[in-house]
Structures are given as C-alpha cells and as structure tokens.
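Let me begin by presenting the structure, written as structure tokens, before commenting on it.
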Amino acid sequence: MGRAWRRTRGLAGKLRRALTPSSPAWTAASWALVGVWGVWLLAMLLVDPFPSYIPIVLAGEVGPFVWFAGATLGLILLAWVVAALPGRFRAALFLALPPSVLLLMFIWGEAGAGIAAAILLILASLAAGSVAALRRRDATRGGRIFAGVVLGLTLLLAAASVTALVWPPRDDDKRPVLHVDARASTLPDPGLNGPYAVETFTYGSGSDPHRPEYAGGVRFRTRAVDASKLDQRWQGLGGWLRTKYWGFDPKAFPIQGRVWAPKGPGPFPLVLIVHGNHSMERFSDGGYAYLGELLASQGFITVSVDENFINSSAADDVDLLKTRHGEENDARAWLLLQHLAQWRAWSDDPAHPMHGKVDFDRLALVGHSRGGEAVATAAAFNRLAAYPDDATLPFRFGFNIRAVAAIAPVDGQYKPRDRPTPLKDVDYFVIHGSLDGDLTSFMGQAQYERATFSPGFDGFKASLYVKGANHGQFNTSWGRNDLGAPHDFLLDERPILPPEAQRQVMKVYLSAFLRAALNGQDGYRALLADPRAGARWLPPVVLVGNYADSRTTPLATFDEDLDPATGADATIRLIGHNLSVHRETYGKLKFHDLDTQIAIVAWDERVHRAGAAYGLEFTTPRALAAGSSVVFAAADADTSTLPEGFKPPKEKKDKAKPKSADGLDWTVVLTDAGGREARVPLSSDERLYPRIVGRTRRAPWIDFDPASELVLRRFRLPVAAFARANPQLDLSQVRSLRFDFDRSPRGAVALDDIGIAPGP
C-alpha cells in the first residue's frame, strides 16, 4: 500500500511539473494582460479625451462600485497569497482586471460587458502563455500537449465569441407587417406636406457665442429667465466651465428656438418640440427640421426649442460627485412654459409681427428622451401655482395645453415631490422603438397609464411600439448608434430600421395625433387606435398600438381595489374557470413599473382538461349598441402556464399543435339573459403574438436586461360581429362577456382595460 501511494505521489508530481507553466509562459501571459488593457485604455482616450464616465462610476454608482471593487480586490489579494502565481503575473492581473471590469461594467451600464472584459483578458493571457510554452525547445512532451490543448480551447472560445458578435440576429416573429385591407383609412395621408408655404426663422438672445442663428441671425430677440432654483447642478468648477463656454449661468437662461411657420394670417396652433440629452457641444435642436417643415405646411406653427445648454458635457466631469443624470428635467419643463409665455407676450403686442398668429386654445408639447419626460412635467407644472419642490418660485402659466407627445421618453428621473408625474385632461401620445439602445425599456407606457380624464372630458391617449426603431433616428442629428463612441461597437445596428422608414412612422403618427387633438379631426383617431388604419401611409413595418379614450365605458381596469372578483362598478363580477394561473399584479417593464394593475391569466390542458375561461358577469343585464365594440388591451404574459410546484406529465411531441410563435387565439363570447351565445374568435381582429424581442447588443451576454417586455395591444371586436354570429342574440339584455380559451392548448396573457367603445 505504501509503495503504491509513493508511486501515485511521484506520478502526480511529474504531472504537476509537466503542466506547470514555465517562466517564459508566465511572462507572456503577464504582458498579454497589460497589453490588452493598454490598447483598450488608449482607444478609450482617443475617442473620449475627457472621459464622461468618471462621475458615473464615482458618483452615480457608488454602492455597486464599492461592492464590486471590494469583491474584485478580495479575489486579487487571494490570488496574491497563492505561491503558484508568480509576482509579475499577480501584478499584471492587479493592474488590468479590476479597471477593465469596473469601467466596462459601470461606464456602459452593462453587467455583461464587465464579464466580457474579464473573459477577454483571461483568453488573451492563456493564448499568450500557451504560445510561449509551445515555443520552448526544452518543453516536455506532456507540457507541449497541455499547452496545445489550452491554446486550442482558447482559440475555440475566442472564435465562438467573435461568431456571437457577428452572427446575424435571429428573428422568429411571425407577426404580420402592415398591409392594406378593409381597415385602411381613406383619409388624406397625414405624412404628406400640406397646402401652406413655410417660412423659417429663429429667435433667441442675439448673443450666442457658438451658433450664429441665435446671435446675429435671430429674427426676434428674447429676454433671459432665472432658472437658478431649478437647475442646481450648475455649480462649482463644472458650473464655472459651463458659464465660460456659454457666457451665462442659470440666472440668465436664454429663450431660443427654430421656427417653421405657415404663411398666412392665422391664428394657427402652436407646437413646441424639445430634444433630449446629448452632448451640449453637439447641438440637437436642428434634428427635428423634418417634422417642423411637415407640420408647418399643414398649418401648425412649430418650434424646435433650444435647451442644449442644460445637456450633459465634458465640463461635468470635473465635479466627480455631482452628475446631471436627469437632475435638470424639471428645468427642461419650466423652460418650455417660458417659451409659451414668450409667444403669449408677442401675440398680445399689437406692434409685434406675431400678433394674433397663435391660437392659444390649441397648444401642444412634443419631447424626445429626457424631453419626453419634460413635456409631461410641463403639462403638470402648467396647472400649479408654484414649483412643487420650492414654493417660493411662483408659477403663472395656465395655458390651454391640449396635447402632449413623447418620443422614446424617460420616466421618473424627475418626480415632483417624489411622486410620479400626473397627467390629466390632456391628450397623450407616446412612441418607442424595440431596438432603442439608449432607453431599452418602453418607460413611456407608465406615463400613458397615468394619463387620466375627468368625467365629461373628451380625451384620448395612444401608445405605439415600433419594431426595429432605435432611439436616435427620430432626431436627424443623432444617428443609428444610440451609445456613441467608444461604446458604439456594443450595439447591433443591422436590424435597425432605415432612417427614412422610422421617420415616416413618426411623421404620420405625430401629424395624425395633432390633427385629432388640436384640430378635432376625429377620423385620425382610427390610426392611433389601430396601426392598420394607416397601412396606405406607412412603410411595411410591425407596429403594436394601444389606445384608450374617455368615450369608452370601462368594465374592468384592475385598478379598482384588491378584490380580483370586482369590476369597474358594483354590477360587474370577474370570474375564472379552470385557469392554471390567475392573479392581479402591477405590470413590469424591463426595468420600470407600468404604473397600472393588470390581470395575468393562464390555461394549460395538462392542468385542467375541461375548458378554461375568464370573463365578466353583469348582475344587471346590459344593453350594447349594435354599432359599439368590445375592446381590451392584451399582451403575452411571458410566464409559465403551470401553477407553482406542478409537475406536468411527460408528453409526446405533436407536430399538429400550433407553435407559440404562431400566436394565441381564443373565443370571445357574449351571452344574453336568455342563455343565447354569440362566439367570435380573437383572430378575427388578430392573434395574440409573442412579445417582440428587442436585443440591442451584439451578444446576449453583454446585456443582462430581458430581451422583451410587456407591451399591451388594443383589441377591438365589433358588437355587429357577434350579432352576425348569432342573430338571435338579444343585445339589449347582455348578461356576460367571456373569454373561452379553446383555440390554443395553453397560454398566458396579460389583460387590461376591458370595456365597450362606441363605433365599429
């Protein structure tokens, strides 16, 4: 036994010595670590000599930074005491690994990017060490074999990583693109120029040091306004640098804008468009000229508001503990109202060329990104007597803002008194792209849910999710890459829509929204309620639209109370039969709450063989107009159809069963007091398709956020279709509305806003 043990130990020692990297291998591995880190750092500094990420790392992410730094340094110190690692390699590891992982992880906001950095460094180190070992003339056969295996595996992993970055993205979405059918509107195309000739000009301080159009090129000089109580991050050395660049501070913010105005006596509606955050030295306000020219030709005075001076800048980097990450969005909102005040002053002045040109009963605000949050905030500020966070700043606005539109907005960067921004009695439209590489979550849906209408107010709200649209192409100055150098290689630009197609969607929808909201052209509400109405005007893209209005009678919104059996009033009961999952909960986006309760219902034939159903029963029969419609919002719940802990029996594959990618279908049933039923399939409108996958990064392991999120779609089934399905149905005595889940063997759906809408 002792001899065998000694022989085993001897063989193990030989194997360990054969596999232990030589000194040249360790040296090569060390230089590889330092070299890769040095090249990456040099590239970062070449594209961004004033690193704008430093304050984000040191201030915006203090908690995660400390945690991750502590964990990483702990691992390095642990490795340091392991005698098997030579000192030069430990030093190289300490120099390269923590900075690479930390910077990539917290600069870019990508947890996967930090992991990718660590993998890259390790692969480079292994490859260099293996090559050095293979080149040694005195290397043993076992050592050469081991080094060759390590090199082969390293190259294989590197090839797999590169393949993942360059491989074309897979798209299994079977949702149909827009096509002309009976739903297509015959109204004039809102994306085409109108009958008005257009004049353009600018107004501003007359002394802008960087843009002649706001210096000697202004048509009208404007007053400065004191925003010092709103923008409190313009301080210290960073604030001093900002003041040196612009020539003013928050006590003298300029009122500046580019105007596209229809030629004619007026009065015309006034539309303000405001950009979002971008480098303040790279001006963004000119990027909406395509919208300004279109809207002005249709009879809207359109202004692209200049707020570049409160955007982020390299100057902010000198104040490491004071970032401007959304801290100025209340100032953005307040400045919009100051622009309206300037236009009101011109309109009231009989001697001014703009006297009487503006119809102040028809005002709209449009915002992009942070500007998309600012327009909703401005509409809320407009109703207040004072700044909610400092009542010593009075508000004297009170404009008739009738419409607010948000383009890929943020939500919650500014909260008045730490509350979500309300929006009441204002028509609202929000649009977002599935490939938004900046705001990867459709945060504007939360503001959509918070938009409410008083009894008797005739208002509407609409949301639109554009498959393939990104963040920047809604502004012609920003481009296809939503991150910019040096982060731009992370984004996969291949599946992004062409800029012309994306902007065509924007033109058609924004014009239709403003025509409906400001000009009372209700026919364009059909487009906002159903993208198929605009098939003649829009490119062949995939659009998911949601819509609600004050004309719809609600039956169940799921925000009523905690009881999952109650509907919108005391005469409505919600009932489920043979459901495998049934709960009411807050809707979740990728990294944001939806600000509304929804119902999650699922069915599965493995749990209940008998048919599953969910619906509403009326304790007092209801009369439905023949011209009305059953409406509801629905989305793929993207959750298990099985109860927790349930173990389904094994089943054979059935090729005849519909695949989940084909979409879900079920039957909608109306029952009258006499028990007569009328049954209409959901697919008579459209099947419920799986969520749109919006991977914006080149590989899934770069981004840990979910690939898709809850995006509700409005379904509409005309009551006339039920009458055709069963002419005996008594529409004056409807007793229940039910979903029979009989057309797909299993599925899970999110439901919201069930109601009865007027019109077909």
- Task: For residues Arg503 and Asn475, report the shortest heavy-atom separation together with the two atoms involved.
- Result: NH2-O, 4.1 Å
- Message: Testing the 3.5 Å rule here: is there a donor-acceptor pair between the side chains of Tyr214 and Asp285?
- Response: yes
- Is there a donor-acceptor contact under 3.5 Å linking the side chains of Thr421 and Glu373? no
- From the list Arg211, Arg258, Arg332, salt bridge (charged side-chain N to carboxylate O under 4.0 Å, His left out) with Asp306 holds only for Arg211
- How many angstroms lie between CD in Glu213 and CZ in Phe283, if you round to the nearest 0.5 Å? 8.0 Å
- Query: Looking only at heavy atoms, which two atoms of Ala446 and Asp411 are closest? And how far apart?
  - Reply: CB-OD2, 3.7 Å
- Query: Is the backbone N or O of Gly276 less than 3.5 Å from a side-chain atom of Ser369, with the two atoms forming a donor-acceptor pair by type?
  - Reply: no
- Message: If I take atom CG from residue Leu363 and atom CZ from residue Phe399, how far apart are they, to the nearest 0.5 angstrom?
- Response: 7.5 Å
- Can a salt bridge be assigned to the pair Arg450 and Asp595 using a cut-off of 4.0 Å between side-chain N and carboxylate O? yes
- Query: Is the closest side-chain donor-acceptor distance between Asn470 and Gln502 under 3.5 Å?
  - Reply: yes
- Item | Where at least one partner belongs to residues 526-543, residue pairs that pass salt bridge (Lys or Arg N to Asp or Glu O under 4.0 Å), sequence neighbours excluded | Asp530-Arg532, Arg532-Asp685
- Query: Do the ring planes of Tyr196 and Phe268 sit parallel (below 30°), tilted (30 to 60°) or perpendicular (above 60°)?
  - Reply: perpendicular
- Query: Could you walk me through whether Asp549 and Tyr547 pass the side-chain contact (heavy atoms from CB on, under 4.5 Å) check?
  - Reply: CA-CA 7 Å; Asp549 61 32; Tyr547 175 87; 2.9 Å; yes
- When you measure from the side chain of Asn311 to the backbone N and O of Met280, does any donor-acceptor pair fall under 3.5 Å? no
- Note: Val305 and His339 closest approach over all heavy atoms is CG1-NE2, 3.3 Å
- Task: Determine whether the side chains of Ser313 and Glu281 contain a donor N or O and an acceptor N or O closer than 3.5 Å.
- Result: yes
- Lys/Arg cation over aromatic Phe715: Arg713, 6.0 Å, 45° cone: yes
- Exercise: identify the closest heavy-atom pair between Arg480 and Pro499: NH1-CD, 4.1 Å
- Query: Can Lys588 and Asp593 be counted as an ion pair, charged N to O under 4.0 angstrom?
  - Reply: yes
- Take Thr200 and Val259, measure what side-chain contact (heavy atoms from CB on, under 4.5 Å) needs, and give me the verdict at the end. CA-CA 5 Å; Thr200 62; Val259 181; over 6 Å; no
- Item | Donor-acceptor contact present, side-chain Ser185 to main-chain Ala533, <3.5 Å | no
- Would you please test Arg219 and Glu199 for side-chain contact (heavy atoms from CB on, under 4.5 Å) and show each step? CA-CA 12 Å; Arg219 181 175 177 184; Glu199 61 174 333; 3.3 Å; yes
- Is it true that a side-chain atom of Arg691 and a backbone atom of Ala637 form a donor plus acceptor pair closer than 3.5 Å? yes
- Query: Would Ser683 and Asp665 count as having a side-chain donor-acceptor pair, cut-off 3.5 Å?
  - Reply: yes
- So, the side chain of Asp427 versus the backbone of Val404: is there a donor-acceptor pair under 3.5 Å, distance only? no
- Message: Is the terminal nitrogen or CZ of Lys461 (NZ for Lys, CZ for Arg) located under 6.0 angstrom from the six-membered ring centre of Tyr428 and within 45° of that ring's axis?
- Response: no
- Item | Whether Ser708 side chain and Val693 backbone form a donor-acceptor pair below 3.5 Å | no
- So, the side chain of Thr596 versus the backbone of Leu594: is there a donor-acceptor pair under 3.5 Å, distance only? no
- Does a side-chain N-to-carboxylate-O contact under 4.0 Å join Arg687 and Asp636? no
- Measure the acute angle between the ring planes of His278 and Trp478, then classify it against the limits of 30° and 60° as parallel, tilted or perpendicular. parallel
- Query: Side-chain donor-acceptor pair under 3.5 Å between Glu293 and Asn193, yes or no?
  - Reply: no
- Please name the pair of heavy atoms, one in Gly444 and one in Pro409, separated by the smallest distance, quoted to 0.1 Å. CA-CG, 3.6 Å
- Query: Would His471 and His368 satisfy ring pair (Phe, Tyr, Trp, His ring centres under 6.0 Å), going step by step from the backbone distance to the final call?
  - Reply: CA-CA 9 Å; His471 194 77; His368 188 180; 5.0 Å; yes
- Message: My understanding is that only residues two or more places apart in sequence, or in another chain, count here; which of them pass side-chain contact (heavy atoms from CB on, under 4.5 Å) with Ala635?
- Response: Leu710, Leu712
- Item | Residues Phe429, Leu514; criterion side-chain contact (heavy atoms from CB on, under 4.5 Å); working and verdict | CA-CA 10 Å; Phe429 170 66; Leu514 294 174; over 6 Å; no
- Tyr465: ring pair (Phe, Tyr, Trp, His ring centres under 6.0 Å) partners, not counting sequence neighbours: Phe442
- Give a yes or no on whether the backbone of Gly371 and the side-chain of His275 come within a donor-acceptor separation of less than 3.5 Å. no
- Query: Within the side chain of Thr696, is there an N or O that forms a donor-acceptor pair under 3.5 Å with the backbone of Gly437?
  - Reply: no
- Item | Name of the residue among Leu538, Leu187, Leu543 meeting side chain to side chain contact (heavy atoms under 4.5 Å, CB included) with Leu527 | Leu538
- Hey, could you give me the CG/CG distance between Leu294 and Leu192, rounded to the nearest 0.5 Å? 8.0 Å
- Audit row: Phe513, Tyr524, ring pair (Phe, Tyr, Trp, His ring centres under 6.0 Å) steps and yes/no: CA-CA 7 Å; Phe513 170 69; Tyr524 287 104; over 10 Å; no
- Take Arg525 and Asp458 through the salt bridge (charged side-chain N to carboxylate O under 4.0 Å, His left out) test and state the conclusion after the steps. CA-CA 12 Å; Arg525 289 196 187 193; Asp458 185 14; 3.5 Å; yes
- Message: Taking Leu439's backbone N and O only, do any of them form a donor-acceptor pair with His432's side chain (distance below 3.5 Å, no angle check)?
- Response: yes
- Task: Measure from the ring center of Tyr245 to the ring center of His210 and say whether it is less than 6.0 Å.
- Result: yes
- Message: Does Thr202 form a side chain to side chain donor-acceptor pair (under 3.5 Å) with Gln256? I'd like the steps, not just the answer.
- Response: CA-CA 7 Å; Thr202 59; Gln256 302 186 150; over 6 Å; no
- Message: Is the distance from the ring center of Tyr203 to that of Trp346 below 6.0 Å?
- Response: yes
